[in-house]
S.K.: 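Dropping the structure in here first, questions after.
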Protein chains: 4
Amino acid sequence: MTVAVPAHAPSSLIARYRAVRAASMALAAPLTAEDCAVQSMPDTSPVKWHLAHTSWFFETAMLAQRKDYRVFDPAFAYLFNSYYESAGPRHPRPRRGLITRPGLDAVLAYRAHVDAAMEDFLAQADAAQGAQALLGLQHEEQHQELILTDIKHAFFCNPLLPAYRTEAQTPRTAVPLAWRAHPGGIVPVGHAGKDFAFDNESPRHQVLLRPFRIASRAVSNGEYADFIADGGYRRAEFWLSDGWARVQEEGWDSPLYWLRDDDGTSRVFTLGGLGIPDPHAPVSHVSFFEAAAYAAWAGKRLPTEFEWEAASADLAHGEVWEWTRSAYDPYPGYKPFAGLASEYNGKFMVGQMVLRGGSAATPPGHARPSYRNFFPPAARWQFSGIRLAEDV
Amino acid sequence: MTVAVPAHAPSSLIARYRAVRAASMALAAPLTAEDCAVQSMPDTSPVKWHLAHTSWFFETAMLAQRKDYRVFDPAFAYLFNSYYESAGPRHPRPRRGLITRPGLDAVLAYRAHVDAAMEDFLAQADAAQGAQALLGLQHEEQHQELILTDIKHAFFCNPLLPAYRTEAQTPRTAVPLAWRAHPGGIVPVGHAGKDFAFDNESPRHQVLLRPFRIASRAVSNGEYADFIADGGYRRAEFWLSDGWARVQEEGWDSPLYWLRDDDGTSRVFTLGGLGIPDPHAPVSHVSFFEAAAYAAWAGKRLPTEFEWEAASADLAHGEVWEWTRSAYDPYPGYKPFAGLASEYNGKFMVGQMVLRGGSAATPPGHARPSYRNFFPPAARWQFSGIRLAEDV
Amino acid sequence: MTVAVPAHAPSSLIARYRAVRAASMALAAPLTAEDCAVQSMPDTSPVKWHLAHTSWFFETAMLAQRKDYRVFDPAFAYLFNSYYESAGPRHPRPRRGLITRPGLDAVLAYRAHVDAAMEDFLAQADAAQGAQALLGLQHEEQHQELILTDIKHAFFCNPLLPAYRTEAQTPRTAVPLAWRAHPGGIVPVGHAGKDFAFDNESPRHQVLLRPFRIASRAVSNGEYADFIADGGYRRAEFWLSDGWARVQEEGWDSPLYWLRDDDGTSRVFTLGGLGIPDPHAPVSHVSFFEAAAYAAWAGKRLPTEFEWEAASADLAHGEVWEWTRSAYDPYPGYKPFAGLASEYNGKFMVGQMVLRGGSAATPPGHARPSYRNFFPPAARWQFSGIRLAEDV
Amino acid sequence: MTVAVPAHAPSSLIARYRAVRAASMALAAPLTAEDCAVQSMPDTSPVKWHLAHTSWFFETAMLAQRKDYRVFDPAFAYLFNSYYESAGPRHPRPRRGLITRPGLDAVLAYRAHVDAAMEDFLAQADAAQGAQALLGLQHEEQHQELILTDIKHAFFCNPLLPAYRTEAQTPRTAVPLAWRAHPGGIVPVGHAGKDFAFDNESPRHQVLLRPFRIASRAVSNGEYADFIADGGYRRAEFWLSDGWARVQEEGWDSPLYWLRDDDGTSRVFTLGGLGIPDPHAPVSHVSFFEAAAYAAWAGKRLPTEFEWEAASADLAHGEVWEWTRSAYDPYPGYKPFAGLASEYNGKFMVGQMVLRGGSAATPPGHARPSYRNFFPPAARWQFSGIRLAEDV
């Protein structure tokens with residue numbers, strides 16, 4: 001695996017490794033072993049699986065190179081490989097919730113085993129190995145976000161609607177929406193500089209944009225509620241054909257996690273349990289289909305991922321991932337990472353839409369303006385919202 | 001709920017209550033909280049759910065009558081009702097594995113709460129209440145068998161194939177199969193006497209049988225292996241039409257839990273983990289379809305449930321439930337239990353086949369010759385086997 | 001194939017052959033080639049397929065024995081075999097509607113070819129061959145009923161709701177329902193005498209019945225409407241568990257073919273097109289689940305197939321097939337027909353319920369009191385109705 | 001509906017109308033009424049439906065404006081609306097094959113009725129109406145291609161594999177594959193000029209391309225056979241993740257319509273029946289997934305739709321639609337047609353890939369270099385092939 005990134009001093013790498021690994025543990029801390037074992041739908045994974053899989057990644061991509069490394073348990077290669085065909089057969093994704101053994105305790109022991117070996121590895125790592133380690137940490141940060149989105153979904157499937165943590169609900173004040181103008185022209189997009197980036201952000205290249213305007217902030221719950229009140233979910237004219245079909249099939253009439261009490265009061269399920277939707281917070285947990293329908297209703301459109309990137313310096317973002325009007329296609333001249341990581345991003349470049357920005361569940365410092373997140377257009381369990389754009 | 005059974009002295013009832021409840025706890029003892037939470041298919045339930053549901057049954061059918069009873073948690077009525085429409089809405093059966101909370105600890109506390117109240121209830125129980133309690137205990141015994149069948153299936157879904165318990169594998173000696181002749185004629189069937197029986201065993205009535213012969217023991221693994229070796233799973237002529245379709249769809253080529261090593265050695269998954277099939281033990285985990293196909297291949301047939309009952313005194317049985325050639329229809333004059341228990345048996349009297357006898361997983365003393373177990377013809381996760389019969 | 005029936009003079013056999021074959025053609029006469037090609041669900045078949053399959057049966061079971069017989073088209077063995085495993089592979093049942101070629105014309109030519117050869121065959125037939133021919137004719141009569149039920153379903157799937165034929169709608173007068181008492185005891189059931197009967201009606205044997213009473217006529221549309229008006233489809237307490245699940249899944253709220261105009265007027269789709277339900281006609285196109293739920297609502301039960309047969313001489317029947325409370329199990333000592341016909345009935349003896357009596361779509365003279373029709377409990381596209389019984 | 005196209009003289013429009021409508025009839029000429037009624041999968045439609053729907057389009061988008069127009073049959077609006085939400089409810093797409101009535105004769109009468117009215121309409125058409133008529137004709141030409149792809153699929157579902165027409169199979173000579181270099185830079189894409197184009201080809205705009213090379217011709221059957229022989233369908237490393245999943249689920253091991261005789265000889269099903277694949281003809285009936293896997297195996301990539309368009313003047317194309325590496329996203333500033341046609345293209349702009357070029361089944365003159373065809377990445381029943389590209 002060759003990942004071109006600058007050399008890091010071993011000591012700083014070890015510190016970063018410890019911090020990232022500790023952050024994963026902290027996310028699991030409020031959960032019982034039972035909570036960590038459940039899988040609520042094929043798209044999600046058990047928290048325990050995330051904890052193990054991220055360790056498997058370090059073990060497989062790095063530690064296995066070392067002759068003196070003792071594999072923790074040979075069976076884990078089958079259990080905790082996610083989708084790497086080159087790493088051999090694996091447990092079927094929809095059945096991850098059936099793995100009651102190894103238990104959480106054993107998975108934590110696995111983490112400790114890998115951590116000890118990785119400290120050793122990092123202390124002696126050359127530049128290429130350091131780069132591999134950085135990829136492993138970025139990978140773990142992505143799973144940290146998934147730990148939150150997946151346990152949120154699992155708890156929502158429990159009629160008791162348990163809270164994952166206490167969340168202060170401070171009412172927010174309205175932020176007026178402004179329109180940022182961009183003159184278009186030839187602009188560079190993609191990753192620049194020497195810091196880590198994923199292969200799908202490269203090569204940096206130029207694109208030609210028309211002039212456009214883009215909203216200064218994401219669409220709010222209150223604005224989205226107006227769409228609903230205006231019959232948004234009942235009027236086909238706003239919807240892409242596949243989106244309209246999904247509305248019918250699934251009976252969508254609001255974002256995921258919006259509920260109504262018996263008396264009609266709106267509620268929203270959060271990691272802090274059942275709460276009241278804040279009209280001034282960004283709407284979240286909408287699919288691309290809903291984002292596009294909202295934009296059509298508003299007489300606007302979604303930005304392309306290149307418009308988003310070109311304008312990003314002027315935008316308030318980071319609370320919700322923002323659906324763009326761009327399908328997840330490869331950049332011109334795209335080359336996947338080598339080795340195991342060749343399957344990291346490239347093989348998913350069909351049938352998905354790009355999201356930009358990052359969410360409140362994204363680990364701090366993980367995202368950047370060139371970062372390309374991607375999900376299928378019907379996905380709603382991520383913290384995904386809407387930003388509007390328009391032609392000039 | 002009126003269940004006509006004789007009065008029991010409170011003290012003996014309390015002792016029996018304690019013994020049955022303790023037996024359930026003993027079955028869960030080898031399991032982790034994670035093990036107890038998993039549901040491996042819609043037909044099975046988590047062990048934790050069995051532990052809670054059996055308590056819910058006592059609470060709903062008995063304790064709720066008492067004004068001074070404090071319900072442990074009002075939400076449990078929704079979570080742990082199995083299929084009783086008269087007791088209100090309930091959590092969908094295929095989603096029982098998503099209930100990570102209440103955790104196992106909370107469920108054990110629920111059991112303790114119900115146990116304390118039941119001891120009080122039983123101390124003052126009149127005859128009708130004693131009868132209700134007996135039904136609750138029989139109900140719990142049925143779930144004890146399901147705890148074993150369901151955890152076996154869950155562990156089989158785990159690629160590690162964990163063992164539930166240590167099981168001594170003592171090779172058995174061959175028992176010759178003898179044919180017991182029965183003269184037929186008018187014979188009584190159904191429950192007689194004053195001991196507990198389920199509503200589906202009544203009313204006792206007379207049936208007219210032709211002379212027949214019935215095998216003295218169940219079909220063995222070795223005999224079943226001959227059927228497989230003779231192309232049993234590839235020859236349509238032995239199979240009922242729906243059975244043959246199932247063979248194709250599911251790729252059946254042996255009983256559930258039979259495996260092959262890479263070198264072709266036969267293995268069988270048991271509660272003791274992976275073992276070697278004993279040719280002299282009864283074949284188990286076959287569907288009705290497989291039982292009927294085996295009988296056709298052997299040039300015999302399955303007994304009807306009435307033949308089985310009429311001949312039962314002469315038979316060695318109790319290791320595996322035995323599929324009969326009788327659909328699960330109501331007895332003439334059948335009346336369901338009253339109250340909650342009216343939904344216990346009667347509403348399932350279509351689409352199922354009767355099994356007789358009891359298995360090694362059945363709590364001792366639970367079954368009796370008139371006992372009618374029932375499952376759909378494709379079910380294989382129960383300890384179900386085959387007994388042959390023939391016309392004279 | 002050995003079917004034990006008395007010898008028929010060739011001339012009478014030929015006349016009967018001609019009459020039956022002509023009756024099939026008459027049923028197809030109102031239909032276009034397009035009508036004859038359509039398959040509206042996997043349970044039904046195209047009319048063209050029925051016309052061809054019945055010819056294939058004569059060709060395969062009889063004509064193929066003759067050295068001088070020239071098979072009409074060797075490909076037809078694959079296309080028009082229904083479910084006979086012993087006759088080789090066949091076109092998948094759910095795809096029968098995709099066979100646009102051979103067209104209806106070619107199928108009619110096939111019929112003519114088989115008819116010519118059969119006349120020759122019958123002229124020289126010995127007793128065994130005559131028996132085979134009788135079975136072939138009975139078989140064709142069964143498909144005549146299916147032609148009607150299947151085209152009715154196909155036309156119902158067409159939003160234009162075309163009429164198959166003109167049907168006079170003469171309002172009927174109410175017939176009071178009387179209860180016929182039967183003393184029970186040992187009664188003979190099954191086919192007696194030398195006329196043709198299917199293997200599933202044999203052997204004639206004795207059963208022991210309790211005294212019972214049985215309704216003199218089938219339940220009427222008006223009576224069934226009372227069940228609906230009383231919330232029959234919304235009250236779980238009347239339903240078998242699988243039936244209630246089906247009500248929810250399919251949204252059943254009336255018999256198949258009952259419709260409502262925009263103004264709420266009840267309509268019923270018939271072979272004569274859209275009409276007004278006659279309150280005094282028997283309710284039809286109900287499943288076993290609905291029949292059993294109606295009986296529970298009425299405080300009665302369905303008769304067993306043996307009660308029905310024992311009482312049949314006293315009953316008005318023949319307008320609708322009547323669901324009994326008997327699963328389709330083999331009679332004691334049951335032996336299937338030999339040869340191809342061994343797959344005719346026996347392999348379906350699981351998962352189905354017995355219906356007795358015959359319907360207005362049954363060819364005259366086809367049914368008899370010992371006749372056992374059978375369908376899965378959810379089937380509704382047959383002309384199936386309800387007769388009540390009760391214990392004494 | 002406003003479609004900006006130049007004025008046509010009525011007489012030339014009428015001539016064009018007649019020619020296009022006659023071409024549809026000619027395509028149906030070899031088919032029986034039964035052939036025209038069948039629908040072999042939800043993606044396809046009956047030929048009869050195509051004949052009716054194209055007429056419905058003229059009726060609804062044009063004739064309905066005229067007060068003196070008499071609708072042929074008011075029920076047809078429901079039966080023959082494809083997906084236009086603004087035109088009201090419609091018959092479910094997967095059930096189009098159940099419409100045996102109106103029969104083919106009635107549909108032909110419908111066509112004649114619309115034709116007569118359209119001649120009148122065209123004789124008086126203003127520019128806007130002329131533009132509408134042109135759209136209707138382009139629409140009908142698209143359905144002409146579908147008539148061929150859909151009947152091919154239907155005939156392939158028939159075990160007899162009938163031929164739609166006689167096709168001369170002239171062996172082709174090998175054409176060497178050359179690589180055309182393109183310097184990249186800012187190039188215009190999208191429709192230019194005044195002739196008809198679909199809304200999705202506009203607005204014409206500039207894109208910035210890197211230098212690239214593109215193959216002079218499409219990949220041949222022989223070249224594709226090398227991919228298969230090299231394990232192409234068994235090696236995950238060439239496949240997009242969703243493509244690999246589809247290979248497993250559907251058991252793909254060759255393009256659709258490739259077959260093997262019992263002796264292993266390769267065969268290919270064509271509109272002329274079963275034939276021998278010509279190694280020098282372009283491979284056809286591959287999905288985007290297969291196209292992308294082939295390119296990966298060949299060490300190349302698919303061109304983007306803009307590369308294709310920029311290079312198109314130098315390419316031999318038109319035998320098969322060519323999958324591009326571009327998802328079907330809207331062009332910057334895209335505005336859908338107005339009125340009914342607003343649903344023509346825009347609402348499908350998600351989940352699909354762009355194909356360019358045209359096929360042997362495309363009506364002559366229908367396609368152009370800016371033409372954007374689109375299908376889901378797994379679609380194989382179109383005449384879809386592969387062109388390679390590479391970075392410089």
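These values consider heavy atoms only, across backbone and side chains, with no hydrogens, waters or symmetry-generated copies. Order of the sequence lines sets the chain letters (A, B, ...), proteins ahead of strands, with each chain counted from 1. Keep in mind it's a predicted model, so treat the numbers as computed, not measured.
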S.K.: Taking side chain as everything from C-beta outward and backbone as N, CA, C, O, which of these in B:Pro377 sits under 4.5 Å from a heavy atom of chain C? Side chain, backbone, both or neither.
M.R.: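 The side chain, not the backbone.
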S.K.: Quick one: what part of B:Phe212 sits under 4.5 Å from any heavy atom of chain C, side chain, backbone, both or neither?
M.R.: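 B:Phe212 has no heavy atom closer than 4.5 Å to chain C.
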S.K.: Which pair of heavy atoms, one from C:Arg210 and one from B:Arg204, lies closest together, and at what distance?
M.R.: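 Closest pair (atom of C:Arg210, atom of B:Arg204, distance): NH2-O, 3.6 Å.
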S.K.: So, do C:Ile186 and B:Ile186 sit near enough that their side-chain heavy atoms are less than 4.5 Å apart?
M.R.: yes
S.K.: Taking all heavy atoms of B:Arg325 and all of C:Met349, pick out the closest pair and write down the distance.
M.R.: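 Looking at all heavy atoms of both residues, the closest pair is NH2-O, 2.7 Å.
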S.K.: Quick check on the interface: out of C:Ser326, C:Ala296, C:Gly333, who has the most heavy-atom pairs with chain B under 4.5 Å?
M.R.: C:Gly333
S.K.: Would you mind telling me which of C:Gly351, C:Pro332, C:Ala236 has the largest number of heavy-atom pairs within less than 4.5 Å of chain B?
M.R.: C:Pro332
S.K.: C:Phe288 versus chain B, heavy atoms under 4.5 Å apart: side chain, backbone, both or neither?
M.R.: side chain
S.K.: Between C:Val350 and chain B, which part of the residue has a heavy atom less than 4.5 Å away: side chain, backbone, both or neither?
M.R.: both
S.K.: What part of B:Gln206 lies closer than 4.5 angstrom to a heavy atom of chain C: side chain, backbone, both or neither?
M.R.: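 Both parts, backbone and side chain.
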S.K.: What part of C:Met353 is in contact with chain B, defined as an atom under 4.5 angstrom from a non-hydrogen atom: side chain, backbone, both or neither?
M.R.: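 Interface part for C:Met353: side chain.
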S.K.: To the nearest 0.5 angstrom, please state how far the NZ atom of C:Lys347 sits from the CH2 atom of B:Trp244.
M.R.: 10.5 Å
